[in-house]
Amino acid sequence: MKRVIILGCTGSIGTTALKAIRTKHLDLSVVGLSAHANESQLVALAREFSVKAVCLTGSVLESLPNIQTYSYFSGLKQMLHSLEADIVLNAIAGFEGLQASLEALSCGFDLALANKESIVCAGSYLFDVAKENDCRIIPVDSEHSALAELLKGHERNQVQSLVLTASGGPFRTLDASQFSTITVDQALAHPTWNMGKKISIDSATMANKALEVIEASYLFGFDADRIEVVIHPQSIVHSMIRTFDGAVYAQLGTPDMTLPIINALGEGGTSLVRPLDFSSLSLTFEKPDFKRFPLLALSFEILNRKGSSALAFNAADEIAVHAFLQRKISYLKLIEVVQRTLQQRWDEEVASFSQILALDEKARQLARSLV
Ligand code: NDP
Ligand code: MG
């Protein structure tokens with residue numbers, strides 16, 4: 001049985017993973033769990049899955065009978081180093097997930113990675129750490145999971161471009177003149193996916209797709225001019241690849257993160273997802289509107305600029321989304337904060353974790369001053 005550690009187990013991805021494992025159809029046993037603030041749910045899950053160790057990264061966790069407890073991020077590091085495991089599912093939300101990814105890799109664990117911020121912020125440095133430790137990074141993001149599956153069937157030199165699908169979010173059809181009236185509740189109401197708050201707001205601004213364009217480039221080694229985004233409101237086609245002979249290959253399925261999660265955990269053959277009913281399907285595709293969703297356009301510029309722009313984009317977006325969720329700034333101001341942070345030059349290439357931390361803090365300070 002494969003031993004898995006789930007970081008961020010109380011969130012949307014974490015609970016979907018645990019729900020799948022609860023069915024007992026997967027050859028997986030959970031040995032460690034982490035959450036940040038939700039102590040009661042963490043403790044309940046630790047007991048239910050009889051894990052060896054748990055960590056609460058946001059505060060002190062009291063001791064538990066028969067389960068080793070750890071606190072704060074230093075505790076998470078200790079927990080990862082003390083456990084024997086085969087794979088870590090990193091479902092932590094935000095930049096903090098990067099340090100967890102690096103620790104998991106340094107312990108020699110394969111990484112099922114939902115935390116796209118790890119890839120966006122560390123870029124090739126993350127993959128170098130994985131290589132040094134002989135570990136695999138397997139994407140959990142549905143689009144990248146689909147792309148990884150599709151690329152298995154093709155030589156790299158046959159593939160012209162990666163085509164990421166995007167639902168378009170709740171404001172896909174909203175006229176730009178209405179953007180100034182957008183509320184937090186409207187932005188949180190995603191039409192097809194049920195997710196954590198940060199990624200839901202990112203889907204409304206299309207910053208999520210921007211992060212995913214960058215994620216795809218680093219994961220699969222494709223430059224900006226070989227990555228396309230197509231709006232597909234039904235979220236049934238999870239992504240596509242275009243080959244030079246003119247063919248397009250797609251992965252289809254119900255919008256349910258269970259499949260990409262269990263694929264990343266190496267249990268993809270198991271049927272836990274509702275089969276697709278073709279009789280009720282009506283699939284549509286549209287060109288993305290880069291004018292109404294400028295953060296998406298920015299991701300292609302970022303890839304062309306190289307340096308540490310991607311890291312700055314992530315930091316500014318985290319600050320701006322947080323301020324928007326706290327109702328301190330409007331939807332349009334959120335966009336402006338990210339754009340203005342990226343007006344500064346971010347030329348430094350990322351080569352170490354301490355440098356990543358320093359650049360992230362610099363971008364956050366700038367974004368905060370713009371809020
Ligand atoms: P949620 O907000 O639902 O859950 C986040 C999890 O991380 C919770 O367990 C939370 O603990 C923990 N956490 C929050 N802050 C910290 C911190 N500072 N340090 C350590 N742990 C922390 O997020 P999602 O599940 O939606 O997303 C998780 C990741 O997966 C993100 O990177 C997201 O972009 C990515 N992703 C999500 C998808 C989805 O469908 N939801 C799809 C594709 C990718 P607590 O509950 O105790 O606060
Ligand atoms: Mg996605």
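Whatever order the structure lists them in is the order used to number ligands and atoms, beginning at 1. Along the sequence shown, the residues carry numbers beginning at 1.
- Salt bridge annotation for Asp86-Lys2: absent, with no cationic side-chain nitrogen under 4.0 angstrom from a carboxylate oxygen.
- Annotation: atom 20 (C) of ligand 1 to nearest protein heavy atom, Thr57 OG1, 3.2 Å.
- Using a 4.0 Å cut-off between charged nitrogen and carboxylate oxygen, Glu212 and Lys209 count as a salt-bridge pair.
- Between Gln234 and Thr284, the side chains place a donor N or O and an acceptor N or O closer than 3.5 Å (distance only, hydrogens not considered).
- Nearest N/O/S atom of Glu212 relative to the Mg ion (ligand 2): this is OE2.
- Under a 4.0 Å criterion applied to the non-hydrogen atoms of Ala114, ligand 1 contributes the atoms 30 (O), 32 (O), 35 (C), 36 (N), 44 (C).
- With 3.5 Å as the limit, one finds no donor-acceptor pair spanning the side chains of Lys52 and Asn66.
- For ligand 1, the atoms sitting less than 4.0 Å from at least one non-hydrogen atom of Ala37 are 45 (P), 47 (O), 48 (O), numbered in the order shown with element in parentheses.
- In this structure, atom 25 (O) of ligand 1 lies nearest to the protein heavy atom Ile13 N, 2.9 Å.
- Between Arg327 and Asp185 there is a salt bridge, since a side-chain N of the basic residue sits under 4.0 Å from a carboxylate O of the acidic one.
- By the criterion of a heavy-atom distance under 4.0 Å, the side chain of Glu117, and not its backbone, is placed next to ligand 1.
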*Hey, mind stepping through Phe179 and Tyr331 against ring-ring contact (aromatic ring centres under 6.0 Å, His included) and telling me if it holds?*
CA-CA 7 Å; Phe179 277 23; Tyr331 175 96; 5.5 Å; yes

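- Arg345 has a carboxylate O that lies under 4.0 Å from a charged side-chain N of Asp347, or vice versa, which qualifies the two as a salt bridge.
- With hydrogens and angles left out, the side-chain atoms of Ser200 and His190 include no donor and acceptor closer than 3.5 Å.
- Looking at atom 36 (N) of ligand 1, its nearest protein heavy atom turns out to be Ile199 CD1, 3.7 Å.
- Which parts of ligand 1 touch Asn115 is read off a 4.0 Å heavy-atom cut-off, strictly below it: atoms 32 (O).
- For ligand 1, one of its N or O atoms has an N or O atom of Gly196 under 3.5 Å away.
- Not a single heavy atom of Gly14 sits less than 4.0 Å from an atom of ligand 1.
- One finds a salt bridge joining Glu84 and Arg3 here, because a Lys/Arg side-chain nitrogen approaches an Asp/Glu carboxylate oxygen to under 4.0 Å.
- Scanning the protein heavy atoms around atom 29 (C) of ligand 1, the nearest turns out to be Ile92 O, 3.6 Å.
- No side-chain donor-acceptor contact under 3.5 Å links Asp256 and Thr254.
- Thr341 pairs with exactly one of Ile319, Asp317, Leu366 by the side-chain contact (heavy atoms from CB on, under 4.5 Å) rule, that one being Leu366.
- When only interatomic distances are considered, the shortest N/O to N/O separation between Asn38 and ligand 1 falls below 3.5 Å.
- At a 4.0 Å heavy-atom cut-off, ligand 1 touches Cys9 through the backbone alone.
- Atom 6 (C) of ligand 1 has its closest protein heavy atom at Ala91 O, 3.6 Å.
- Of the protein's non-hydrogen atoms, Ala93 CB, 3.8 Å is the one closest to atom 23 (O) of ligand 1.
- Backbone and side-chain nitrogen or oxygen atoms of His36 are examined, and one is located within less than 3.5 angstrom of a nitrogen or oxygen of ligand 1.
- For atom 45 (P) of ligand 1, the candidate residues are Thr10, Leu89, Leu7; the nearest heavy-atom contact is made by Thr10.
- With distances taken over non-hydrogen atoms, the option nearest atom 42 (C) of ligand 1 out of His190, Lys198, Met257 is Met257.
- Nearest N/O/S atom of Glu143 with respect to the Mg ion (ligand 2) is recorded as OE1.
- Side chains of Glu103 and His81: a donor-acceptor N/O pair is present below 3.5 angstrom, by distance only.
- Taking atom 41 (N) of ligand 1 as the reference point, the nearest protein heavy-atom neighbour is Ser12 OG, 3.1 Å.
- Side chains of Glu117 and Asn115: a donor on one and an acceptor on the other come within 3.5 Å.
- Checked against the Mg ion (ligand 2), the N, O or S atom of Asp141 at the shortest distance is OD1.
- Nearest to atom 4 (O) of ligand 1 among the protein's heavy atoms is Gly11 CA, 3.1 Å.
- Classification of Glu348 and Lys362 as a salt-bridged pair fails, no side-chain N sitting under 4.0 Å from a carboxylate O.
- Both the backbone and the side chain of Met195 come within 4.0 Å of ligand 1, judged by heavy-atom distances.
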